[in-house]
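The next block holds one structure in the form of C-alpha cells; read it before the comments.
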Amino acid sequence: MADSRSANADAQTLSPSTRRKTRKVRIGKLWVGGGEPIRVQSMCTTDTRDVAATVTQIQEVEKVGCEIIRVAVPDMEAAQALGAIKKQIQIPLVADIHFDYRLALESIRQGVDKVRINPGNIGDRRRTEEVVRAAQSAGIPIRIGVNAGSLKILKEWDQWPDWDQEAWAEQMIREAQEQIEILNAFDFQDIVVSLKADDIDRVVLAYTKFSQRHDYPLHLGLTEAGTLVPGTIKSAVALSRLLSQGIGDTIRVSLTEDPVQQVKVAFEILKTLGLRAYGPEIIACPTCGRCEVDLFEIVREFENRLQKDPTLFQKAQGKKIAIMGCVVNGPGEAKDADFGIAGGKGVGAFIKKGKVSGNVPQAQWVDSLIQQIQETETLAPTSFSC
Ligand code: SF4
C-alpha cells in the first residue's frame, strides 16, 4: 500500500498502451519498467552523514509523492549512515556511488534498495564484478548511470572531442553496454540504465537509440537542468520528447532547487502528458486590467492548502478547477472545468460545469473551492505498489 502521507497516493499510469515494453525491475517495495507507472524520483541535497537532516528531507519529498530517493555516498561515514536513514523512511533508498566501489559494497550491507554506479569512474572490471556479486546476493538492482561529461574515454584524451551528437550518443551507449556485459556475465539482469547529458538533443538521441537495442528500464533525466523556470522548461522539452515516444520508466528532474520542487515538476510533466494522475488541474487566468482581486495570492493560497492536506489533494485528483480573474471572460474560459470561481470586486461567481450557481464573498473563495472538493466523491484507490 502507498504511504498515506503521500500526496499522489493513487497516482496511476493513464495510457500504458503507448509505453515501450521493458523488463520489470524491483526496487524495494516498488517495481520499475514492464508497464508500471513511470516512477518519480529525486535526490537529497543534504549531507548523507547527517542522518536527521537527510531523513527530514526524504520525509518532505515523500509528502509530495516522491517514489524513490537517492542519496550521495561520498565516503565511508555516509555509507555507514544509510541503514539508520532507511529505517526512518517509507520509499526505496538508492546509494549514488562514484569512484570507490567499496562504498557500494558498504551501502549494500546497510540495506539500500538499489545502487547507482557511474561506469566512467568506478574503476576496473574487477571492482564492478564485486559490486555485482554483492547486489546479486542482496537481491537489489544496479543503475548504470552514464553521464556525458564523465565518460571513461574522455579521461584518456587531453582534449574535448569534436563529436557530433550522434557520436556522443554512441559513446554513451557503448560505455553503458560495456557495464551491461559485465553484469550479464554474472547472469545479472536487474539493471536500470540512464544516459544523461545537459544537451537535450544528445540525451534524446542516446535514449532513443539505446531503447531500440535493449529492453532494460530507463531512468530519464538531464544531468543539470538549471534553476526553477529554465530548468523546468528544459526538462519538460527533453523528457516529453522521449516520454511521448513511450520511452522512459522513471524520471528525475535535476533542478537547482529543493527536491520537493523537483518532484512536483516531474509529476506535472507526467500529468501534462497524460501519463500519471497527480492532484487536480488548476486553470487560472494570467489576469489583466479587468481583474479587481489579487488572483495570484488567491491561487497560491488554494494550492498551498491542497499541498498541505494529502487527503484533500487526493480527493481533488483528476478535477479541473478554474480560478478566473473576472466575470467578463471567466465563466466562458472555465466552461470545461468541473467547478471554479470567476472574480468580481468583493464577490465572485461560483461556476459548476460551466454554469453560474451562486455568488461567493471574496474572503470565502478558497474555502468554497475546498468545500466543493470535500463534497466530491472520493476516487477509488488504484493499484500502486508501494
Ligand atoms: S479572465 Fe478576465 S481577468 Fe482573467 S485574463 Fe481573462 S479577461 Fe482578464
Side-chain angles (χ1 to χ4, degrees), residues 7-8 14 64 225-237 239-240 244 253 255 257-258 260-261 263-309 312-377 379:
N8 69 325
L14 299 180
V64 291
T227 52
L228 186 60
V229 174
T232 296
I233 292 167
K234 194 172 173 183
S235 299
V237 170
L239 298 183
S240 64
S244 58
V253 175
L255 300 176
E257 255 296 344
D258 187 321
V260 165
Q261 298 299 336
V263 172
K264 287 182 183 176
V265 169
F267 271 114
E268 289 297 334
I269 291 171
L270 294 175
K271 182 168 81 176
T272 304
L273 292 169
L275 293 167
R276 292 288 300 262
Y278 185 67
E281 182 181 347
I282 299 172
I283 303 164
C285 82
T287 79
C288 68
R290 292 190 189 88
C291 185
E292 296 182 279
V293 294
D294 186 352
L295 198 77
F296 295 177
E297 184 50 39
I298 291 167
V299 174
R300 253 194 305 272
E301 186 193 337
F302 180 60
E303 281 187 331
N304 285 342
R305 284 184 58 183
L306 280 176
Q307 288 291 347
K308 282 188 187 143
D309 185 342
L312 194 67
F313 190 85
Q314 172 58 27
K315 268 200 130 175
Q317 186 145 295
K319 297 284 171 209
K320 266 192 185 178
I321 302 170
I323 307 178
M324 311 301 281
C326 77
V327 286
V328 178
N329 285 343
E333 301 290 342
K335 64 181 178 306
D336 283 342
D338 292 287
F339 55 88
I341 285 192
K345 195 171 185 179
V347 69
F350 199 90
I351 305 155
K352 267 171 112 172
K353 298 282 179 199
K355 293 205 169 110
V356 175
S357 68
N359 291 323
V360 184
Q362 189 184 324
Q364 293 169 23
W365 288 6
V366 172
D367 284 341
S368 66
L369 293 170
I370 302 278
Q371 190 185 337
Q372 185 64 45
I373 295 168
Q374 280 162 340
E375 287 168 7
T376 302
E377 216 176 294
L379 291 174

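When a ligand or atom number is given, it counts from 1 through the structure's own listing order. Keep in mind the model is a prediction, meaning the values are calculated, not measured. In what follows, every heavy atom counts, from backbone to side chain, and hydrogens, waters and symmetry copies are set aside.
Screening residues 225-237 for side-chain hydrogen bond (donor to acceptor under 3.5 Å, both in side chains) gives no qualifying pairs among residues at least two apart or on separate chains. Residue pairs satisfying the side-chain hydrogen bond (donor to acceptor under 3.5 Å, both in side chains) criterion with at least one member in residues 283-302, sequence neighbours excluded, are listed as follows: Glu297-Arg300.
Using a 4.5 Å heavy-atom threshold, the side chains of Ile373 and Ile321 count as touching.
Below 30°, between 30° and 60°, or above 60°: for Tyr278 and Phe267 the angle between ring planes is below 30°, a parallel geometry.
Using a cut-off of 4.0 Å between Lys/Arg side-chain N and Asp/Glu carboxylate O, Asp338 and Lys353 are scored as salt-bridged.
Under 2.8 Å from atom 4 (Fe) of ligand 1, one finds the following protein N/O/S atoms: Cys285 SG.
Qualifying salt bridge (charged side-chain N to carboxylate O under 4.0 Å, His left out) partners for Lys335, counting only residues two or more places apart in sequence or in other chains: none.
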